[in-house]
Number of protein chains: 2
Amino acid sequence: MFKTGCPYGTHRVLEPKGALPQGAWKIDNTMEIYDNEILVDVDVLNIDAASFTQIRRAAGDDREKIAAVMLDIVAKRGKHHNPVTGSGGMFIGRVAQIGPALQDETDLKVGDKIASLVSLSLTPLHIERIKKIHLEKDQVVIEGQAVLFASGLYAVLPPDLPERLALAVLDVAGAPAQTARLVHPGDTVLVVGGGGKSGLLCLYEAKKRAGVTGRVIGIGSGANSCTRMRETGLAGTVLQVSATDPLAVLKAVEEATGGRLADLTINCVNVPGTEMASILATKEGGTIYFFSMATSFTAAALGAEGVGKDVRMLIGNGYAKGHAQIALQVLRESKVLRELFERLYA
Amino acid sequence: MFKTGCPYGTHRVLEPKGALPQGAWKIDNTMEIYDNEILVDVDVLNIDAASFTQIRRAAGDDREKIAAVMLDIVAKRGKHHNPVTGSGGMFIGRVAQIGPALQDETDLKVGDKIASLVSLSLTPLHIERIKKIHLEKDQVVIEGQAVLFASGLYAVLPPDLPERLALAVLDVAGAPAQTARLVHPGDTVLVVGGGGKSGLLCLYEAKKRAGVTGRVIGIGSGANSCTRMRETGLAGTVLQVSATDPLAVLKAVEEATGGRLADLTINCVNVPGTEMASILATKEGGTIYFFSMATSFTAAALGAEGVGKDVRMLIGNGYAKGHAQIALQVLRESKVLRELFERLYA
Ligand SMILES: NC(=O)c1ccc[n+]([C@@H]2O[C@H](COP(=O)([O-])OP(=O)(O)OC[C@H]3O[C@@H](n4cnc5c(N)ncnc54)[C@H](OP(=O)(O)O)[C@@H]3O)[C@@H](O)[C@H]2O)c1
Ligand SMILES: NC(=O)c1ccc[n+]([C@@H]2O[C@H](COP(=O)([O-])OP(=O)(O)OC[C@H]3O[C@@H](n4cnc5c(N)ncnc54)[C@H](OP(=O)(O)O)[C@@H]3O)[C@@H](O)[C@H]2O)c1
């Protein structure tokens, strides 16, 4: 006998009552499904970059301490919802059970390998055991289970790409999809944190859409990420400067653009404190797309006002129609990115 | 002899070094100006609604405790930057001194009465004495001084409007200005928190722009704010429901729109936890403008993803070109709003 669930999963919210699972402090992670839920045996968690960076720093990169922090989060909240960054991540796993109310509505079969396209910050999760932590990939191999709600998005893993490569790309699928919408031919596009996972996908879409009359500039703070941008050839200009130093970024972008600044800035960093650099580097009337989960709403809103900059600032919605296909397609189109991503994440 | 200052005020940042004043934890509030600063004798602070609500709650509405909290914030940070909400507010005062480097660039004269259009969260402030706290107006009468940087915006107070009325309106000037840009004829516009200061101004702009083929819906949680929306006649439909209850809001807006939901939702509340209600009430492909400073970036980004809603979400930039004129113009055009605002805030 199955209990009847709400499509948004409110039936699992323990506190505060009335909240949706994402906003809830604690949800019920009993692995007994309601009639409209899907149970998944989870293999790998892809922890959100802002969250994983925070946990790594707090744990001094000690794997045992990282595991302890992760288990503690799930024990306290019933989900891997980092209380410091507010962000989650996603998982891959194999479908174990499909609630009867969903069986006619989905093509999914028990045994299918899927990636969740909703955040771990709202996903009921039970971790039996942490098997392996891949520090540089933000990936954690576990034995455990998770539940998808009726409204929860997922993607069946594509047969032509390695699983953990797909996982890495799907985690940030919203970024290239939104970039594709926002870039116009001829635009000067700045990708802050362009050498990271989402950053490189954005560089690719930006180059494709801005076209021969446009310009793509990438910013990274470390030598490695700048080398990645250069090697892929996706950024026409690469600037090594820290986005936590707004005036240094302003100066570098002014020099690179002859004072014209960026039409569109995409922020893909994994650290806090980069709102002002993004705002100053963008021209009056331009657009900033904050994909980074380390973005502070007030820092952006008041920061732009503080310098009298009339820019449009977008919150990076993790979802956009067709985002999974768009992101995976990038890896099919770009040989250089595919090779790089296989090396880094697969 | 004056020291030379940076236009953005970085010369006053004490920690962390390299930050701009808004992002800084602490700034130097010595009231001795640099060559490109303006010194102002401050009369009234208009504390940001999200910040003031938080302080009132923490102080149990006790005026002495509120004063103590405010003085403590300024003592610790050199600015009225609420560490909980991250937001500020603005001030009115009289120009006391103009740095020599600015004298040829500004029409301002010593003695002019101005309102700051940059946030108190980046404004060096010294409070000598708190004279009076107007609980219901978010206004605090003080004896003190503040500094405006060269890049800091201000408005000379208009002669035809009472000062504290202008202060109240200018505090939220960004909201009606952005509404004017975002509303298209025929749109269904939802204003969450429509009975508040910014909400009413947004209702006015929304009604004007959506026109006879459009629709304007206001939401408030209390009877008073709903009565205000009804009495002004600016919202065609008024729904009394709390925006912290996303499913209740969804249901109410579904009923009011025959399931079509809002093309544009403007969030003007002063409490946390209203992101999901705004997202659920907005149609696929629609736009949400988060003006509320109590908005959580991650709650919005992950919340929309969590329910698979492809909506465009904007961070409420406090500044838009001409926002002060646009906001004050509303009070000149609308007799009913002017009377209401004089009663509430002047
Ligand atoms: N909105 C959503 O739905 C959503 C979904 C998933 C992820 N995200 C967010 O997207 C962001 C990026 O994720 P990701 O997986 O692409 O991260 P990532 O692979 O770790 O890349 C982050 C990049 O930022 C760069 N960076 C770090 N500090 C910097 C600084 N001070 N200045 C300039 N660049 C800096 C890094 O290079 P260097 O170290 O060389 O500087 C790196 O290339 C994260 O904040 C994550 O939370 C959002
Ligand atoms: N982005 C910027 O630059 C900027 C600048 C200034 C201010 N702000 C922000 O704008 C927001 C509004 O400011 P304001 O001065 O207009 O505030 P306000 O006058 O205090 O109005 C807030 C409104 O929200 C309503 N409200 C409160 N709780 C609610 C709930 N649970 N459900 C529905 N409605 C609710 C209130 O009515 P009820 O109590 O009856 O519900 C009230 O009408 C604040 O968050 C402020 O921080 C932003």
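Below, chain A is the first sequence line, B the second, and so on; all start at residue 1. Predicted, not measured: the structure shown is a model, and the values here were computed from it.
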Chemist: Could you go through Met293(A) and Leu302(B), starting from their C-alpha distance and side-chain angles, then the distance that decides it, and tell me whether this counts as side-chain contact (heavy atoms from CB on, under 4.5 Å)?
Modeler: CA-CA 9 Å; Met293(A) 282 294 158; Leu302(B) 297 173; 3.6 Å; yes
Chemist: With a 4.5 angstrom heavy-atom cut-off, is it the side chain or the backbone of Leu280(B) that approaches chain A, or both, or neither?
Modeler: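 The side chain, not the backbone.
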Chemist: Could you tell me which portion of Lys309(B) (side chain, backbone, both or neither) has an atom closer than 4.5 angstrom to a non-hydrogen atom of chain A?
Modeler: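 Backbone of Lys309(B) only, per the 4.5 Å heavy-atom cut-off to chain A.
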Chemist: Please state whether the side chain, the backbone, both or neither of Leu250(A) comes within less than 4.5 Å of a heavy atom of chain B.
Modeler: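 For Leu250(A), the contact with chain B is made by the side chain alone.
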Chemist: Between CG of Leu314(A) and CE of Met313(B), what distance do you get to the nearest 0.5 Å?
Modeler: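 The CG atom of Leu314(A) sits 9.0 Å away from the CE atom of Met313(B).
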Chemist: Could you have a look at Val118(B), Asp310(B), Val307(B), Val311(B) and say which one has the most heavy-atom pairs with chain A under 4.5 angstrom?
Modeler: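 Looking at each of Val118(B), Asp310(B), Val307(B), Val311(B) in turn, Asp310(B) comes out on top.
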Chemist: Between Glu275(B) and chain A, which part of the residue has a heavy atom less than 4.5 Å away: side chain, backbone, both or neither?
Modeler: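 Neither part.
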Chemist: So which of Gly23(A), Pro246(A), Ser151(A) has the biggest tally of heavy-atom pairs under 4.5 Å with chain B?
Modeler: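 Among Gly23(A), Pro246(A), Ser151(A), the one with the most close pairs to chain B is Pro246(A).
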Chemist: Check each atom of Phe290(A) against the heavy atoms of chain B and say whether the ones under 4.5 Å are side chain, backbone, both or neither.
Modeler: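 When you check distances to chain B, atoms from both the backbone and side chain of Phe290(A) fall under 4.5 Å.
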Chemist: Between Glu305(B) and chain A, which part of the residue has a heavy atom less than 4.5 Å away: side chain, backbone, both or neither?
Modeler: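 For Glu305(B), backbone and side chain are both near chain A.
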Chemist: Can you tell which part of Thr85(B) gets under 4.5 Å to a heavy atom of chain A, answering side chain, backbone, both or neither?
Modeler: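 Just its backbone gets close to chain A.
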Chemist: Kindly give the heavy-atom pair with the smallest separation between Thr295(A) and Phe297(B), and that separation in Å.
Modeler: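 Scanning both residues completely, I find the closest heavy atoms to be O-CB, 3.5 Å.
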Chemist: Looking at every heavy atom in both Leu153(B) and Gly308(A), which two are closest together, and how far apart are they?
Modeler: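 Here Leu153(B) and Gly308(A) meet closest at CD1-CA, 3.6 Å.
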Chemist: So which part of Ser292(A) gets closer than 4.5 Å to some heavy atom of chain B, the side chain, the backbone, both or neither?
Modeler: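 For Ser292(A), the contact with chain B is made by the backbone alone.
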Chemist: Heavy atoms only: give me the nearest Thr298(B)-Gly86(A) pair and the separation to one decimal.
Modeler: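 Closest approach of Thr298(B) to Gly86(A), heavy atoms only: CB-O, 3.7 Å.
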Chemist: Indicate the atoms forming the closest heavy-atom contact of Ala299(B) with Gln22(A), along with that distance.
Modeler: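 For Ala299(B) versus Gln22(A), the nearest heavy atoms are CA-OE1, 3.6 Å.
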Chemist: Could you look at Ser121(A) and say if it's the side chain, the backbone, both or neither that has a heavy atom under 4.5 Å from chain B?
Modeler: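 Contact with chain B: side chain only.
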Chemist: What are the two closest heavy atoms between Ala300(A) and Ile315(B), and how far apart are they?
Modeler: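 That would be CB-CD1, 4.0 Å.
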Chemist: Could you check which of Lys321(A), Glu284(A), His323(A), Met276(A) has the highest count of heavy-atom pairs closer than 4.5 Å to chain B?
Modeler: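 With the most close heavy-atom pairs to chain B, the winner is Lys321(A).
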Chemist: Looking at Arg181(B), I want to see if its CZ is surrounded by more than 12 non-hydrogen atoms of other residues, nucleotides or ligands under 6.0 Å.
Modeler: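 Yes.
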Chemist: Please classify the contact between Leu122(A) and chain B as side chain, backbone, both or neither, with a heavy-atom cut-off of under 4.5 Å.
Modeler: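 Side chain only.
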Chemist: How close do Gly18(A) and Asp245(B) get, heavy atom to heavy atom, and via which atoms?
Modeler: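 Closest pair (atom of Gly18(A), atom of Asp245(B), distance): O-OD1, 4.3 Å.
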